[in-house]
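Have a look at the structure below before the remarks.
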Amino acid sequence: MTRGHSAGDRPNVVFILADDLGWCDLGIEGSRFYESPHLDRLARGGMRFTQGYAACQVCSPSRASILTGKYPPRHGVTDWIGAPAGEAWRELGRHSRMLPAEYERGLRADEVTFAEVFRRAGYRTFFAGKWHLGDTGADPEDFGFEVNKGGWKMGSPMGGYFAPWDNPKLEPGPDGESLPLRLGRETVRFIGDHRDQPFLAYLSFYSVHGPIQTSRDRWERFRAKAAAQGAAGQRNRFRFDGSRPVRLVEDCPIYAGMIEAMDVAVGLVLDALDRFGLADNTVVCFTSDNGGASTGDSFSASMLPLRGGKGRQWEGGIREPLYVRYPGVVEPGTTCGVPVSGIDFYPTLLELAGLEIPAKQVIDGRSVVPLLRGGPDPAIAERDLFWHYPHYGNQGGDPSSMIRRGPWKLIHYHEDGHNELYHLETDPGEQHDVLNDRRATGDELWLRLQRWLDETGAKFPAPDPQYDAAGEQAFLHHFECERMPELEAQHTAYLDPDWQPNPDWWGSQVVAD
């Protein structure tokens, strides 16, 4: 179960990142509707972390944290890049109590990503897919990636998931070509071209971010599956929670088709590693950047039994699938219940490759190699994990900060300064605030959270002197009394055998998988 680190046997690394894929959106995580045989195979081939976390409930901060090993307040990207902040927030007409904090609109030039460390050590480096970490001067090529296929400033697939798309870093294929399949094939091509050299391949899917789109054959198959499971007569797919409708069931055939397409692309990469004889010397990682879109965007996922989803401060917004496969180091079919975070990939991958963390790159993550080797590590198991989101999410999230310590999670709300305390082992759905019963625990966690916010230089939202309480209530009333019925009708229609989507992507099976 040990490996050396001479130049000739340094492991390759394939890092796979999904976009907006929720904790329970895969077969191995318990879904009875979605199908993900290749990702399930990856998970069973290594270690599955049952309490994996993103560093933030929205994409850009989490992605920056994976690459830098830092919490969002430390690298400064605390919201998805492009979100309005400060007084510009008023232009959305939401009439919120606070003005969101300002944030970095791209990775700072002085950040040293783990891709740069690998490249300096002689690795060939490759990026494919979603970047969303800045514009010109802050592209993948500026942070250690030699080859970039599709990574640029945008956070969703401009032009959709089928060619011809609109992406200056990825030339369109023939009409109807699937974007996730194309990204998978580009990754396979890179691996094949560099199979005799150590390499880092970072496959960062746009899937399953909105707009939700799939091919006719996948829609038909999953529509029939949903009907067979009784979804055709389903009512009340949504309930109102806080400030948004939240999806309660898994039965969206379009979303299921997107998960399957991404899974097929993952299968292409795993099969290529086998075909080239590289599987035994390649670290393969998989995770997602935030929870599934159950309360916004496409409203297509359900995070139950967890509460909330993408953009929100509850577990559904930050809990993720997280798998690591490395034959000879990680025992196949193992699970680990220790909470780990996206910030931990940086030190973990460098340790597995025998590389040092650059002195100038101060990181917050910790190497989980002791866990991967099957041993306990009290320092990891007993540490605190933190989150800070001084913004309002598109999906209804509140400006908040959180700390998890053992089974306890405390949420601090910046609008009114109140705290909530949950015991996640007995209440994973965060339905019972026990702060009044466990005041000493809450006080200790609040002190730890305040200390961390101060240490990381966290920025905070400010009260809006133009706050319009009546306007805010009208906005919330619209979501509950108008938008939620519209969603019910829209998602019921997806299961109608005669349903027709937008004409710009129904011809998407022109190019076979």
Side-chain angles (χ1 to χ4, degrees), residues 5 7 10-19 54-55 59-70 72 74-77 81 104 106-153 169-170 183 186-187 189-191 193-195 197-206 269 278 281-287 289 324 326 341-365 367:
H5 294 294
R10 281 182 175 169
N12 306 304
V13 175
V14 174
F15 192 94
I16 306 173
L17 181 63
D19 189 12
C59 61
S60 297
S62 291
R63 291 165 179 271
S65 291
I66 288 171
L67 286 166
T68 65
K70 297 180 178 182
R74 207 181 297 277
H75 57 61
V77 182
I81 294 174
E104 294 286 340
L107 275 183
R108 299 177 181 128
D110 61 353
E111 295 289 356
V112 182
T113 68
F114 68 70
E116 292 179 85
V117 180
F118 276 91
R119 187 172 181 182
R120 293 170 186 174
Y123 277 69
R124 308 304 300 268
T125 57
F126 167 88
F127 185 90
K130 176 174 173 175
W131 179 247
H132 202 191
L133 289 174
D135 204 343
T136 304
D139 288 321
E141 301 92 322
D142 300 302
F143 288 96
F145 293 103
E146 294 178 81
V147 180
N148 171 25
K149 296 291 184 177
W152 65 311
K153 65 180 181 179
K169 297 298 182 77
L170 186 69
L183 296 175
E186 293 284 359
T187 305
R189 183 177 298 111
F190 172 83
I191 291 172
D193 289 344
H194 300 286
R195 59 184 178 271
Q197 306 165 275
F199 63 78
L200 163 67
Y202 197 116
L203 173 53
S204 177
F205 288 107
Y206 284 92
V269 175
L278 300 173
N281 194 42
T282 301
V283 182
V284 183
C285 304
F286 175 81
T287 193
D289 61 352
V324 179
Y326 187 17
S341 169
I343 60 174
D344 298 327
F345 284 112
Y346 194 117
T348 299
L349 292 175
L350 265 59
E351 181 174 347
L352 289 173
L355 304 176
E356 297 293 328
I357 297 170
K360 67 176 293 187
Q361 185 72 8
V362 177
I363 68 169
D364 297 301
S367 171

Next item on the list: For the residue pair I357 and P347, establish whether any side-chain heavy-atom pair is separated by less than 4.5 Å.
Entry: yes

Next item on the list: Determine the interplanar angle of the F127 and W131 rings, folded into 0 to 90°, and report it as parallel if under 30°, tilted if 30 to 60°, perpendicular if over 60°.
Entry: perpendicular

Checklist line | Test item: T113 side-chain N/O and E116 main-chain N/O as donor-acceptor pair under 3.5 Å | finding: yes

Note to self: Any carboxylate oxygen within less than 4.0 angstrom of a Lys/Arg side-chain nitrogen, looking at K70 and D364?
What the structure shows: no

Margin query: Does this structure show an ion pair linking D139 with K153, if we count only N-O contacts that are shorter than 4.0 Å?
Written below: no

Next item on the list: Side-chain contact test, heavy atoms from C-beta onward, threshold under 4.5 Å: evaluate it for L67 versus Y202 and give yes or no.
Entry: yes

Item checked: Audit row: S367, E351, side-chain hydrogen bond (donor to acceptor under 3.5 Å, both in side chains) steps and yes/no -> CA-CA 7 Å; S367 171; E351 181 174 347; 2.5 Å; yes

Next item on the list: Determine, using ring centers only, whether Y123 and F199 are less than 6.0 Å apart.
Entry: no

Notebook entry, point to check: Do the side chains of V283 and V324 get nearer than 4.5 Å, heavy atoms only?
Noted result: yes

Check: With side chains defined as the heavy atoms from C-beta onward, is the minimum distance between T282 and V13 less than 4.5 Å?
Finding: no

Next item on the list: Please report the closest heavy-atom contact between P140 and G151, naming both atoms and the distance.
Entry: CD-O, 3.7 Å

Check: What do the steps show when you test L355 against R10 for side chain to side chain contact (heavy atoms under 4.5 Å, CB included), and what is the final call?
Finding: CA-CA 10 Å; L355 304 176; R10 281 182 175 169; 3.7 Å; yes

Checklist line | Under the side chain to side chain donor-acceptor pair (under 3.5 Å) test, residues paired with R108 that sit two or more places apart | finding: E104

Notebook entry, point to check: Listed by chain and number, what are the side chain to side chain donor-acceptor pair (under 3.5 Å) partners of E186, not counting sequence neighbours?
Noted result: R182, R189

Notebook entry, point to check: Under 3.5 Å, is there a donor-acceptor pair between the side chain of T125 and the main chain of R119?
Noted result: no

Next item on the list: Report yes if some heavy atom in the side chain of L183 is under 4.5 Å from a heavy atom in the side chain of L203; otherwise report no.
Entry: yes

Next item on the list: Could you check whether the rings of F15 and F114 sit parallel, tilted or perpendicular, using 30° and 60° as the cut-offs?
Entry: tilted

Next item on the list: Quickly, which of L107, L133, V112, I363 forms a side chain to side chain contact (heavy atoms under 4.5 Å, CB included) with T68? Name it, please.
Entry: L107

Checklist line | From R74 atom CZ to I343 atom CD1, the distance as rounded to the nearest 0.5 Å | finding: 9.5 Å

Item checked: Rounded distance (nearest 0.5 Å) linking atom CD of E356 with atom CZ of R120 -> 13.5 Å

Notebook entry, point to check: Which atom names give the shortest non-hydrogen contact between F145 and A115, and what distance separates them?
Noted result: CZ-CB, 3.4 Å

Item checked: side chain to side chain donor-acceptor pair (under 3.5 Å) involving N148 - partner list, sequence neighbours excluded -> E141

Next item on the list: Keeping the roles fixed (side chain from H132, backbone from I81), state whether a donor-acceptor pair exists under 3.5 Å.
Entry: yes

Margin query: Can you confirm whether F126 sits close enough to L200 that some side-chain heavy atom of one is under 4.5 Å from a side-chain heavy atom of the other?
Written below: no

Next item on the list: Report the C-alpha distance between D142 and T136 in whole Å, list the side-chain angles of each, state the deciding distance to 0.1 Å, and finish with yes or no for side chain to side chain contact (heavy atoms under 4.5 Å, CB included).
Entry: CA-CA 9 Å; D142 300 302; T136 304; over 6 Å; no

Checklist line | Gap separating the CG atom of D344 from the SG atom of C285, nearest 0.5 angstrom | finding: 11.5 Å

Item checked: Other residues, nucleotides, ligands: >12 heavy atoms within 6.0 Å of K169 NZ -> yes

Item checked: Backbone N/O of F190 and side chain of D193: donor-acceptor pair under 3.5 Å -> no

Item checked: Pairwise side-chain contact, Y346 with Q361, heavy-atom cut-off 4.5 Å (strictly under) -> yes

Item checked: L17 side chain reached by I66 side chain, heavy atoms, under 4.5 Å -> yes

Notebook entry, point to check: Does K130 offer a backbone N or O that forms a donor-acceptor pair with the side chain of R63 under 3.5 Å?
Noted result: yes

